[in-house]
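Each remark here refers to the structure printed beneath this line.
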Amino acid sequence: MFQEKHQRERETVIKGLYEVHFQVEQLDRTIAFYEKLGLTLAWKMEGIAFMWIEPERSWLGLWEKPRGNHVFAKHLAFRVDFEDMPGAIDWLKTRGIQPEGDGKFEPIEPVVRPDQRNASVYFSDPDGHRLELICPVPGDAPKELPKMYWSEWQRHRSSL
């Protein structure tokens, strides 16, 4: 009985790394460094680049320092399965971890970003690093929809 309970407490919804972000001094120099390690550039715009760690599964965000002390410089996102996302908030709470808001969205359920085709829940570690549970969502809802709660997104999906 004890062993079974202990095993359930160790179960995780985390499947791997989704993204991590760093502030860098010189963006092009840093891109070249990570390309030497086998990462590939996913996209780049002024002062920001994303590089695939595992194509279509996990990436590294690079933010050039002149853009300021961006919160993403201390951010790590864990990949979870789509099926586990609806229970992510409860999963955190059962471990004594308090979910945090995403902008105007309070942590009552995961938040979906149709334009990015993902859903997530935020929380912090004891040192204040912003952590995230994130999963890709099916691409059948219009990308133009605003950020919304999981339940709202499900309604949009079912109306298509």
Side-chain angles (χ1 to χ4, degrees), residues 5-24 31 34-35 37-45 48-63 67 70-160:
K5 180 180 184 283
H6 186 64
Q7 178 64 30
R8 280 195 312 267
E9 289 173 356
R10 291 187 317 185
E11 290 176 6
T12 183
V13 299
I14 295 172
K15 303 302 180 201
L17 176 69
Y18 187 90
E19 65 187 358
V20 65
H21 298 262
F22 293 143
Q23 280 189 322
V24 302
I31 290 169
Y34 283 104
E35 287 177 334
L37 296 176
L39 279 65
T40 56
L41 187 65
W43 61 267
K44 178 183 172 189
M45 57 189 272
I48 304 168
F50 277 76
M51 301 193 72
W52 288 118
I53 298 169
E54 258 185 285
E56 306 299 324
R57 290 183 60 86
S58 62
W59 56 10
L60 170 64
L62 303 171
W63 301 77
R67 295 181 62 86
H70 198 281
V71 70
F72 287 142
K74 300 178 251 177
H75 174 71
L76 175 69
F78 297 104
R79 182 173 23 90
V80 301
D81 288 338
F82 174 79
E83 297 77 22
D84 290 328
M85 186 53 73
I89 287 179
D90 288 338
W91 184 80
L92 289 170
K93 286 180 177 180
T94 62
R95 283 151 179 78
I97 300 168
Q98 183 58 45
E100 298 173 356
D102 181 2
K104 68 177 184 170
F105 294 87
E106 291 302 315
I108 60 170
E109 60 183 282
V111 173
V112 176
R113 288 173 221 70
D115 62 331
Q116 296 178 27
R117 300 284 191 231
N118 64 42
S120 65
V121 172
Y122 288 96
F123 57 106
S124 292
D125 75 5
D127 294 302
H129 299 109
R130 185 105 160 130
L131 305 177
E132 179 181 16
L133 299 176
I134 189 168
C135 74
V137 297
D140 51 358
K143 281 186 153 190
E144 298 76 32
L145 291 173
K147 184 166 53 170
M148 65 186 72
Y149 284 116
W150 183 271
S151 58
E152 295 171 296
W153 176 76
Q154 291 286 36
R155 284 194 295 277
H156 279 284
R157 284 188 69 212
S158 64
S159 67
L160 294 175

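Residue numbers run from 1 in the order of the sequence given.
Side-chain rings of F123 and W91 stay apart, their centers remaining 6.0 Å or farther from each other. Ring centers of F50 and H21: under 6.0 Å apart, within the cut-off.
Side chains of E19 and S58: a donor-acceptor N/O pair is absent below 3.5 angstrom, by distance only. Side-chain contact annotation: S151 with E109, donor-acceptor N/O pair under 3.5 Å present.
Considering only heavy atoms from C-beta on, V111 comes within 4.5 Å of K147 through its side chain. Between V121 and M85 the shortest side-chain heavy-atom distance falls below 4.5 Å. Under the 4.5 Å side-chain criterion, counting only non-hydrogen atoms from C-beta, L62 is not in contact with I48. Contact check for V13 versus D81: no side-chain heavy atoms found under the 4.5 Å cut-off. When side chains are defined from C-beta on, V80 does not count as touching T12, because their heavy atoms never get closer than 4.5 Å. Between E35 and L41 the shortest side-chain heavy-atom distance falls below 4.5 Å. In this structure, Y34 and W52 have side chains that are not in contact, with every pair of non-hydrogen atoms separated by 4.5 Å or more. Annotation: side chain of L76 is in contact with side chain of L17 (closest heavy-atom distance under 4.5 Å).
In this structure, R130 satisfies the cation-pi test against Y122, with its NZ or CZ atom closer than 6.0 Å to the six-membered ring centre and inside 45 degrees of the ring normal.
In this structure, Y149 contributes its side chain and E106 its backbone to a donor-acceptor pair below 3.5 Å. R117 places a side-chain N or O within 3.5 Å of a backbone atom of P114 that can act as its donor or acceptor partner.
The NZ atom of K15 sits 16.0 Å away from the CD1 atom of I134 when rounded to the nearest 0.5 Å. F105 contributes atom CZ, which lies 10.5 Å from atom OG of S120 (distance to the nearest 0.5 angstrom).
Of all heavy-atom pairs spanning A88 and L133, the tightest one is CB-CD1, 4.0 Å.
Taking the charged nitrogens against the carboxylate oxygens, R113 and E132 do have a contact shorter than 4.0 Å, which makes a salt bridge.
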Intermediate values then yes/no, side-chain contact (heavy atoms from CB on, under 4.5 Å), I31 and M51: CA-CA 8 Å; I31 290 169; M51 301 193 72; 4.0 Å; yes

Steps toward side-chain contact (heavy atoms from CB on, under 4.5 Å) verdict (N118, Y18): CA-CA 11 Å; N118 64 42; Y18 187 90; 3.9 Å; yes

Candidate pair E100 and S124, rule side-chain contact (heavy atoms from CB on, under 4.5 Å), full reasoning: CA-CA 8 Å; E100 298 173 356; S124 292; 2.8 Å; yes

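By the 30° and 60° cut-offs, the orientation of the rings of W150 relative to F82 is tilted.
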